Amino acid sequence: DTAVSQTPKYLVTQMENDKSIKCEQNLGHDTMYWYKQDSKKFLKIMFSYNNKELIINETVPNRFSPKSPDKAHLNLHINSLELGDSAVYFCASRGTSGEIYEQYFGPGTRLTVT
Amino acid sequence: AQTVTQSQPEMSVQEAETVTLSCTYDTSESNYYLFWYKQPPSRQMILVIRQEAYKQQNATENRFSVNFQKAAKSFSLKISDSQLGDTAMYFCAFMNPLGTYKYIFGTGTRLKVLA
């Protein structure tokens with residue numbers, strides 16, 4: 001079974017459209033994250049939720065809105081897409097078994113805005 | 001604010017040889033966690049190795065080991081007996097377990113293993 005899954009894996013859309021990326025984890029973790037990886041492979045945190053509560057909200061345009069309906073799901077909605085939003089978006093969840101704070105990543109969603 | 005620096009954008013190594021990837025970080029905290037992640041062309045992020053700052057012993061995972069120098073704020077990754085499947089981007093990451101559990105990643109090192 002996949003630990004952290006994302007849908008879709010690829011998303012091609014036009015500017016000004018609205019799109020969502022879904023993320024689910026079956027690891028029983030309380031904390032989930034969204035990252036953006038740009039064309040230079042730089043990985044930057046966007047948001048984090050702990051048990052449905054927003055705990056990290058980096059400097060991200062307010063066109064990006066995360067939603068966590070329950071602690072196993074963290075979705076990312078993007079309004080009015082721009083060319084600069086093209087990137088790979090990774091969802092991750094964090095373990096707390098013992099003192100090992102390992103992150104488990106999803107496969108990523110490659111978003112291309114044309 | 002914490003920062004993570006990987007000063008080697010690209011490296012190459014011959015198959016079966018050993019290579020060391022560098023990572024330095026800046027923090028005023030005494031308790032934190034460090035990680036190395038591998039991202040092969042498939043783009044999946046895979047944890048390679050982790051180190052708790054309060055542990056003096058360097059972590060090892062099979063062919064992968066770290067040289068953790070807390071005073072120097074250095075956390076290098078050594079890959080022994082390099083294999084073609086080690087070709088990937090490698091990211092160093094820092095996490096402070098107090099507060100928001102935010103992970104900070106370095107800019108990555110692209111490693112190519114040559115046959």
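Residue numbers begin at 1 in each chain, while the letters A, B, ... track the order of the sequences. Every value quoted in this text rests on a predicted model; they were computed, and no experiment measured them. Values reported hereafter were calculated over all heavy atoms of this structure, with side chains retained and with hydrogens, waters and symmetry mates removed.
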Item to complete: Report the distance from atom OH of B:Y33 to atom CD of A:E102, rounding to the nearest 0.5 Å.
Response: 12.5 Å

Discussion item. A quick test of your reading: do over 12 heavy atoms of other residues, nucleotides or ligands sit less than 6.0 Å from NZ of A:K22?
Written reply: no

Worksheet item: Can you tell me if CD on B:Q14 sees more than 12 non-hydrogen neighbours from other groups inside 6.0 Å?
Response: yes

In terms of hydrophobic clustering (I, L, V, M, F, W, Y; side-chain heavy atoms under 4.5 Å; direct or indirect links), are [X] and [Y] co-clustered?
X     : Y      : answer
A:Y89 : A:L11  : yes
A:Y10 : A:F90  : no
B:I46 : B:V113 : no
B:L98 : A:Y101 : no
A:L76 : A:V88  : no

Worksheet item: Are A:Q103 and B:Y37 close enough, and set up right, to give a side-chain contact (heavy atoms from CB on, under 4.5 Å), and what steps lead you there?
Response: CA-CA 10 Å; A:Q103 279 190 113; B:Y37 280 88; 3.2 Å; yes

Worksheet item: At a heavy-atom separation under 4.5 Å, does B:M95 approach chain A through its side chain, its backbone, both, or neither?
Response: side chain

Fill in: Structural part of B:Y101 lying under 4.5 Å from a heavy atom of chain A
both

Worksheet item: Taking the six-membered ring where the residue is Trp, are the ring centres of B:Y103 and A:Y35 under 6.0 Å apart?
Response: no

Worksheet item: Which of residues 56-75 of chain A have a heavy atom under 4.5 Å from any heavy atom of chain B?
Response: A:I56, A:E58

Worksheet entry | Members of residues 39-49 of chain A whose heavy atoms come closer than 4.5 Å to chain B | A:K41, A:F42, A:L43, A:I45

Worksheet item: Do B:R43 side-chain atoms and A:G108 backbone N/O form a donor-acceptor pair below 3.5 Å?
Response: yes

Discussion item. Can you tell me how the ring of A:F105 sits relative to the ring of B:F105, calling it parallel under 30°, perpendicular over 60° and tilted otherwise?
Written reply: perpendicular

